[in-house]
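Atoms within a ligand are numbered from 1 in the order they appear, just like the ligands themselves. Note that this is a predicted model, so its numbers are computed, not measured.
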Amino acid sequence: MARINENFLKLKAGYLFPEIARRVNAFSDAEPEKATRVIRCGIGDVTEPLPLAARTAMKEAVDELGERESFRGYGPEQGYEFLRKAVAENAYPGLGVDADEIFVSDGSKCDTGNILDIFGGGQKIAITDPVYPVYVDTNVMAGNTGESDESGQFAGLIYLPCTAENDFTPALPEEKVDLIYLCYPNNPTGTVATGEQLQKWVDYARANDAVILYDAAYEAYVQDAELPRSIYEIEGARECAIEFRSFSKNGGFTGIRCAFIVIPKELTGSTADGERVTLHGLWARRHSTKFNGVSYPVQRAAEALFSVEGKNQIRKLVEHYMGNAALLKEACEKCGLAVYGGEHSPYVWVRCPEGMDSWGMFDRMLQEAQVVVTPGAGFGAAGEGFFRISAFNSRENVKEVCARIAKVLG
Ligand SMILES: *Cc1c(COP(=O)(O)O)cnc(C)c1O
């Protein structure tokens with residue numbers, strides 16, 4: 001008898017997006033005519049074409065592979081040095097991140113899930129609420145939780161509510177925790193953390209011997225030079241934080257797949273007996289055992305994003321999406337809705353009109369405006385009463401969405 005991992009049975013019926021797809025399909029079957037008008041502002045996927053610098057580098061790399069002299073097979077599991085160096089120099093200038101501390105992968109989704117391989121069970125894990133569902137579900141799969149309650153919260157996790165009342169910056173946990181997931185600029189709330197706020201987390205982590213798992217997938221969207229883009233801008237972070245970054249949202253690599261994580265060499269965890277072990281060493285072992293590297297053309301494409309042209313092309317993409325976010329924010333505000341985020345992130349987080357819950361709002365936007373948004377409750381109990389609009393779209397679609405919002409909610 002092949003026994004299954006029964007932790008999977010604790011998971012809710014679906015990951016949020018399959019449920020959204022199910023409702024959109026049901027709508028299409030019921031209202032085929034209206035369904036042709038549907039505009040998707042739900043899933044956080046980029047829409048604009050791949051930057052030219054990346055395409056050019058990728059084509060050249062493919063041609064190199066077509067010649068015996070320059071053919072390459074398996075690359076280093078950790079990533080080619082050319083890319084790790086480009087990351088260290090360009091993504092972390094002056095922050096003391098060494099190319100050896102960078103591990104290239106095929107995505108932050110996988111990285112944020114896989115990282116649990118190097119941590120033991122039975123620890124206290126803090127997760128902001130609402131949150132990117134991957135952090136929660138991977139902890140459920142790993143057996144780090146009990147069952148979930150009606151609101152979808154799992155026993156054993158420590159939820160840190162992010163609400164309008166606390167400006168979407170969670171209070172430090174009242175109890176001592178061991179692992180903390182933070183994501184800034186935040187998905188789904190679109191809010192950002194200041195250096196002062198992050199310093200409190202780093203101080204907490206150091207005082208409590210905790211590790212911060214810092215997801216900076218949206219760092220390119222930070223518009224204010226005063227706001228931190230990396231946790232390593234915070235004093236003491238190298239002793240307590242792992243950072244996750246991706247080329248998905250800056251370079252539009254959601255379909256190309258390339259990301260990396262940074263594990264400082266001085267960062268350690270503990271055995272049950274109190275022996276200190278470097279997390280870098282454990283991850284290197286894990287990564288080289290279970291992963292065989294990102295493809296060479298993709299790593300060349302990622303490297304090209306750090307060229308002068310690449311940086312310019314990223315800047316234009318970010319400007320485009322941020323222009324969309326500003327329009328969406330304005331359209332919702334004009335309808336009298338309370339709107340958060342959208343200033344340093346491609347997500348606008350909107351409070352539902354009085355008396356509507358977030359799935360109700362999802363259905364209403366679909367039925368009346370044929371706009372697909374994401375219900376806040378899908379990101380956690382504290383997301384109830386909100387919905388997320390993604391700015392990843394063409395300008396034309398965003399303008400149309402704004403017009404429909406004005407018509408339906410105005
Ligand atoms: C999109 C996103 C990522 C990036 O995922 P990839 O697997 O690299 O495409 C990571 N974290 C969050 C919160 C995201 O929204």
Minimum distance, heavy atoms only, to atom 4 (C) of ligand 1: which one of Arg245, Arg257, Lys249 is it? Lys249
Can you list the ligand 1 atoms lying under 4.0 Å from a non-hydrogen atom of Lys109? 5 (O), 6 (P), 7 (O)
Side chains of Gln78 and Asp100, donor plus acceptor under 3.5 Å: no
Check whether any N or O atom of Asn187, backbone or side chain, sits under 3.5 Å from an N or O atom of ligand 1, and answer yes or no. yes
Interfacing atoms of ligand 1 (cut-off 4.0 Å, heavy-atom, Ser246): 4 (C), 6 (P), 8 (O)
I want to know if ligand 1 touches Asp215 in the polar sense, i.e. an N/O pair below 3.5 angstrom. yes
I want to know whether Tyr340 and Phe168 have ring centres closer than 6.0 Å. yes
Check this for me - ligand 1, Ser108, N or O atoms closer than 3.5 angstrom, yes or no? yes
Just so I know, are the side chains of Asn186 and Tyr347 near enough to count as touching, which here means a heavy-atom distance under 4.5 Å? no
Would you please name every residue forming a ring pair (Phe, Tyr, Trp, His ring centres under 6.0 Å) with Tyr214, sequence neighbours left out? none
For Gly107, the ligand 1 atoms whose distance to one of its heavy atoms is below 4.0 Å: 7 (O), 8 (O)
Under 4.0 Å from a heavy atom of Ser248: which atoms of ligand 1 are those, numbered in the order shown and with their elements? 6 (P), 8 (O), 9 (O)
Sequence neighbours excluded, which residues qualify as ring pair (Phe, Tyr, Trp, His ring centres under 6.0 Å) partners of Tyr204? none
Can you tell me if Tyr221 and Glu343 form a side-chain donor-acceptor pair at under 3.5 Å? no
Geometry only, no angles: is Tyr218 polar-contacting ligand 1 at N/O separations under 3.5 Å? yes
Between Glu239 and Arg206, does at least one N-O distance fall below 4.0 Å, as a salt bridge requires? yes
